[in-house]
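Working notes, structure below.
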2 protein chains.
Amino acid sequence: MFEWFRRRSRKGKPAAVLGQRETIVEANRYDLADLAPNTVSYLGQVAYFELAVFETLSRAVSESPTLASKEGLSAVAGDALAKHHGIVAELRKLKVDPALAMEPFAASIDRFKELTRGNDWLETLVSVYITGGFLDDFFQRIVGALPKALASRVQQLIEPDREAAIIVEQLQAAIDADPRVASRLALFGRRLLGDAILLARNAIAGSGDRAHDEARMEPVFTDLIAAHSRRMDALGFTA
Amino acid sequence: MFEWFRRRSRKGKPAAVLGQRETIVEANRYDLADLAPNTVSYLGQVAYFELAVFETLSRAVSESPTLASKEGLSAVAGDALAKHHGIVAELRKLKVDPALAMEPFAASIDRFKELTRGNDWLETLVSVYITGGFLDDFFQRIVGALPKALASRVQQLIEPDREAAIIVEQLQAAIDADPRVASRLALFGRRLLGDAILLARNAIAGSGDRAHDEARMEPVFTDLIAAHSRRMDALGFTA
């Protein structure tokens, strides 16, 4: 088990969280130049990940119980699609075929999508919120290894939790209507963290020295898990 | 059977069609002020129709056989979603709840979506191309009954066939790879025209005098069917 799984228990802090970052994460404070994927690999997997989030959200749009939630989620789906298209545009600027850049990551991200899809509409929303937030956050934090101007554009583009309030609102309404769903969704949310961490870990190129890599990545994962806890808090869940 | 079903047979004209309109349709040359739906009804049904097109396209994105087609169709889905969100923004400007405006049209458009979804990925693409093109074209042609500034914004927003080349390319590749699919898809394309006309006809408020309404709408449907034939031509199909 990696060091970053043994996170400190964080509780109770009321969530003054989402959409309230004053500044974009300082990706450069992590020194990951030798661990982060190269530019094309980075863009390829972010592009495919955002497309997968979009697909999951589209399904949630179709399964929405009300027109208002359908409308709201379609905006969230549009945000994921805009992230995907923004990254694809960066690949095209580099004269890289987006499909070729995404290809190496398609199988593992498809598997991740299946693993985390959830058994019903509410679980799907929890999944998109928790894993989408975590991985956008992760990709944003390792962006420092990209060329500087590109890094800055990508960081703006994939800002995590931009539309999270819409999802939180839907989940909160469902929990208010039937408080019994809360514990099931909280459990599911906790389970998702492991899947999200594994996908992130696979995105790291690795130096060949596992202990060294763990030590280098630990500050990143500590921050990611803290942000995850704030996402759980926003739903009234213990992380 | 309505007059506009008995269209003239049009054939053979090679398709110099899509994305090549020099000018936006002159909606004002149809005098439909007493037949077109009122502003909120118009916007509500266009918004819901574009959301339905988006949902169908999202499914096609998920079912895409290659990453390149997935990527291409995601752009088409994004265009449908942008149309939806653009119309929703117009409803909000009018202080109308988009969900309430869409509600009266949800059942008939959901039924239409089911009827026209097609039995496989290729039929779904034909459907989106043919029915989406037809109905965008229809909504654009009756826009003249809206307040002038709004009409002009809506007309830009719902321009038909903006991303059709992507779909045509996918279908053409499939037909080239297996020419036997062409006749099945052509048949399906012809069937779709009837469904699209019915949905359009239901969007007309009607004066109560059916013969009068038919006569008034005939020029619109003549133009719509001509555009439909050009869409079919672009695939090498006889309309």
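Protein chains get the first letters and strands the later ones, always in sequence-line order, with residue 1 at the start of each.
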When you look at CD of A/E169, are more than 12 heavy atoms from neighbouring residues, nucleotides or ligands closer to it than 6.0 Å?
no
Nearest 0.5 Å please: distance from the CZ atom of B/F105 over to the CG atom of A/L67.
12.0 Å
I need the A/L51 CG to B/S62 OG distance, nearest 0.5 Å.
8.0 Å
Hey, is A/R59 close enough to B/E55 for a salt bridge, meaning N to O under 4.0 Å?
no
Note: B/A68 and A/A99 closest approach over all heavy atoms is N-CB, 3.8 Å
Under 4.5 Å from a heavy atom of chain A, the part of B/A52 involved:
neither
Checking heavy atoms, do the side chain of A/A106, its backbone, both or neither come under 4.5 Å from chain B?
side chain
Applying side-chain contact (heavy atoms from CB on, under 4.5 Å) to B/Y48 and A/K70, what does each step give before you reach the verdict?
CA-CA 10 Å; B/Y48 197 77; A/K70 197 187 267 282; 3.8 Å; yes
Looking at every heavy atom in both A/E71 and B/P98, which two are closest together, and how far apart are they?
CG-CB, 4.4 Å
Partner chain A: residue of B/A47, B/S74, B/S69, B/A82 with the largest heavy-atom pair count (under 4.5 Å)
B/S74
What residue in A/L100, A/D97, A/V88, A/L57 has the most heavy-atom pairs under 4.5 Å with chain B?
A/V88
Over 12 non-hydrogen atoms of neighbours within 6.0 angstrom of CG in B/N119:
no
